[in-house]
Amino acid sequence: MAKTGISPIRTEDYPEWYQQVVKAADLAENSPVRGCMVIKPWGYGIWENMQRQLDEMFKETGHENAYFPLFIPKSFLEKEAEHVEGFAKECAVVTHHRLEPGPDGGLVPAGELEEPLIVRPTSEMIIGSMFAKWVQSYRDLPLKINQWANVVRWELRTRLFLRTAEFLWQEGHTVHATKEEALEETRTMLDVYAEFAENHMAMPVIKGEKTAGERFPGADITYSIEAMMQDRKALQAGTSHFLGQNFSKAQEIKFQNKDGGESFAWTTSWGVSTRLVGALIMTHSDDDGLVLPPKLAPKQIVILPIIKNDEERESVMEFCRSLEVDLKAQRYGEDRLRILIDDRDLRGGEKKWHHVKRGVPIRVEVGARDIAKDSVFVGRRDQPKSTGMTRADFLSSVVGTLAEIQQGLFDRALAMQKEHTKTIDSFEEFKKYFTPKNQKKPGIHGGFAECFFVDCDEVDEMLKPLKVTPRCIPVDQEEASGTCIFTGKPTTTKGIFAKSY
RNA sequence: CGGGGUGUAGCGCAGUCUGGCUAGCGCACCUGGUUUGGGACCAGGGGGUCGGAGGUUCGAAUCCUCUCACCCCGACCA
């Protein structure tokens, strides 16, 4: 049997496979602080590419970046009732501002704060308080702000990238004069996220509206993009909220309109987080480790010099450096090609596996034999075999190859999503779909179920024992009517159901 | 926060039930050599006081008490 880069493999133990991929690819590790992770250079490099590409899309849709404080006065959070209820249980609270030597050595908190500060779990309240000052007239609208920040949600159970107590994200916050405009903004940003997921991450997603039970605390409408991971579970990869006037009323974000009257504004918020890195891992990676879509790979091509002895060292390195120069002169998408020459003093096989496990899309091996023929030996992460080709052919085809890999990853993921999405018309069939064959060792089962349903508490209760949740009500669906498979009531709503992260 | 489990070298583990040689093994690491188009081999070497505190004992990784951390399953969640 062929040796795999990762053990266990996906079908043996998916959660453990995930952890091993993160480790083998050197993306992140647990920190001394419970639930918090250290993002290592290779993992952070992926995030930086996501940031840069998303940021550009935000700017193109008329947003500006700003930065607001990490701390939120407790009283601010208390203003919007649903919002408080949603986040209160997972807030980190700062109550002191000084440490003093204690009686038994060590340090003890001193200087109690008059009002405790909350470490932001999200910034609607602190940003809204500033927006209230910034918005006076209809001429100040729309106000479209984004911030790149860290937030803290004191989760009980964490997993690297997928759910950590502290995570990095962007949060967009906008203010509009009319409901229609705010709704349009909410949907525009949902489209931006879907576009980023599909065209940059090569991850197919379903755009849809959240059910009442899954809505953001304080929102009137929450939209999300949902992706299928390789274990067929759903991952919410981004959300866009229409907040109605709930927050503007709680925070007095109001403006004078054209006829001199005063109106409450309409607000939105939307965000994606470092969870996307987790999504990327679980969408594309295989039993040999990480597989990266070229658009997001920190290095798209690694050049591996094969040096047998000191005599040939200089000529091989010379060839590699000139290859690097010629590659860097080319662009894939907006970016110059990102190249690494790995000249570490390691054995060839070991070095190759290092980059396989880290998901580098293309490896180029260059030894004296290749140089004599003016050729290179090229390996693709998405294919098992390497092939020799002339240096010129490689240089002229490489950008096309990257595009082909990017598209191939998307196609493969889409095929997987389609294969495991099933239309289901009875609760019996639904239960069967989501019940693993072997209860003790569930393994990979189920997928997405597409069903007619009525969004109500009764359905939520029926779903609980199955550990299945409504993921979303897809926005791109044809009008049709049917019967709710849970309640038997007539309905025109179709939803996607799945087990989820 | 409820149920279960685990803490022994950087990582993975054995030893704990039945207390007793200098606390072992694999991988990784360092040195020397042989190798080198593929995740090497041989030899030598460094590194741990057994999660923490207290207790029992002539003697504790091993027994007792307390405590901390992590993992899995629930509940909660981007």
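Quick note: numbers below take in every heavy atom, side chains included, and nothing from hydrogens, waters or symmetry partners. Numbers restart at 1 for each chain; the letters A, B, ... are given by sequence-line order, proteins then strands.
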Select base, sugar-phosphate, or nothing to describe what A:L162 touches, counting heavy atoms under 4.0 Å on all strands.
base
Complementary nucleotide for B:A43 - Watson-Crick or wobble, under 3.5 Å:
B:U31
For B:C72, take OP1 and OP2 only and decide whether either is under 4.0 Å from a side-chain N or O of A:Q19.
yes
Checking base pairs now: Watson-Crick or wobble, both atom distances under 3.5 Å. What partners B:A69?
B:U6
Quantified in whole Å, what is the C1' atom distance between nucleotide B:U67 and nucleotide B:G20?
29 Å
Please work out if A:T164 contacts a base, only the sugar-phosphate, or nothing of the nucleic acid, heavy-atom cut-off 4.0 Å.
base
Given side chains that start at C-beta, do those of A:M416 and A:M228 come closer than 4.5 Å, heavy atoms only?
yes
Between B:G74 and B:G52 - C1' atom distance, rounded Å:
29 Å
Without decimals, in angstroms, what is the distance between A:H355 NE2 and B:G37 P?
18 Å
Is the shortest side-chain heavy-atom distance between A:M203 and A:E198 below 4.5 Å?
no
Can you tell me if A:K467 touches the phosphate of B:G74, counting only side-chain N or O atoms and a distance under 4.0 Å to OP1 or OP2?
yes
Distance in angstrom units between A:K351 NZ and B:A40 C1', rounded
15 Å
Rounded to whole Å, CG of A:L160 lies from C1' of B:C70 at a distance of 13 Å
Select base, sugar-phosphate, or nothing to describe what A:T239 touches, counting heavy atoms under 4.0 Å on all strands.
nothing
Does NZ or CZ of A:R391 lie under 6.0 Å from the centre of the six-membered ring of A:F319, at an angle within 45° of the ring axis?
yes
Please confirm whether A:K74 makes a cation-pi placement over A:F76, using NZ or CZ under 6.0 Å from the six-membered ring centre and within 45° of the ring normal.
no
Mapping A:F377 and A:P217 onto RNA chain B by nearest heavy atom, which one lands closer to the 5' end?
A:F377
Can you tell me how far P of B:C29 sits from CD of A:E350, to the nearest Å?
7 Å
Pick the C1' atom in B:U6 and in B:G47, then give their distance to the nearest Å.
24 Å
Under a 3.5 Å limit for both distances, which nucleotide forms a Watson-Crick or G-U wobble pair with B:U56, could you say?
none
What is the distance, rounded to the nearest whole Å, between atom NE2 of A:H354 and atom P of B:A40?
15 Å
Candidate nucleotides B:G39, B:C71, B:A78, ranked by approach to the side chain of A:K357 - the nearest
B:G39
Between P on B:A78 and CE on A:M229, what's the gap in Å once rounded to a whole number?
16 Å
Atom CG of A:D345 and atom P of B:C30: how far apart are they, to the nearest Å?
10 Å
Given B:A40, B:A78, B:G37, identify the nucleotide with an atom nearest to the side chain of A:R369.
B:G37
Mind telling me whether A:W266 and A:F242 have parallel, tilted or perpendicular rings, with 30° and 60° as the class edges?
parallel
Other residues, nucleotides and ligands only: do more than 12 of their heavy atoms fall within 6.0 Å of CG on A:N309?
yes
Closer to the 5' end of RNA chain B via nearest nucleotide, is it A:E214 or A:I371?
A:I371
Test item: side-chain donor near acceptor, A:Y501 and A:D231, under 3.5 Å
yes
Across all strands, who's sitting opposite B:G74 as a Watson-Crick or G-U wobble pair, both distances under 3.5 Å?
B:C1
Partner lookup for B:U36, please. Criteria are Watson-Crick or G-U wobble with both distances under 3.5 angstrom; report none if nothing qualifies.
none
Between B:A78, B:G37, B:C71, which nucleotide gets closest to the side-chain atoms of A:N30?
B:C71
Taking CH2 from A:W154 and C1' from B:A78, how many angstroms apart are they, rounded to a whole number?
17 Å
Would you indicate what A:E155 reaches in the nucleic acid, counting non-hydrogen atoms under 4.0 angstrom: base, sugar-phosphate, or nothing?
base
Can you check whether A:R347 has a side-chain N or O nearer than 4.0 Å to OP1 or OP2 of B:A40?
yes
Donor + acceptor pair across side chains of A:H173, A:E171 (<3.5 Å):
yes
Across the strands shown, which category fits A:A88 at heavy-atom distances under 4.0 angstrom: base, sugar-phosphate, nothing?
nothing
In the structure shown, which nucleotide is the Watson-Crick or G-U wobble counterpart of B:C17, with both distances under 3.5 Å?
none
Whole-Å C1' distance, B:C63 and B:U18:
11 Å
For atom C1', what is the distance between B:C64 and B:G19, given to the nearest Å?
13 Å
For a quick check of understanding: with a heavy-atom distance under 4.0 Å over all strands, which category does A:G5 fall into, base, sugar-phosphate or nothing?
base
Counting only side-chain heavy atoms from C-beta out, which of B:G39, B:G37, B:C11 sits nearest to A:I306?
B:G37
Any idea which of B:C71, B:A78, B:G37 is nearest the A:D370 side chain?
B:G37
Mind checking if A:K23 touches a base, just sugar-phosphate, or nothing, with heavy atoms under 4.0 Å?
sugar-phosphate
How far does the C1' atom of B:G51 sit from the matching atom of B:C68, given to the nearest Å?
7 Å
Quote, to the nearest angstrom, the C1' distance that separates B:A14 from B:G46.
22 Å
Please measure how far the P atom in B:U36 lies from the corresponding atom in B:A40, and state the result in whole Å.
13 Å
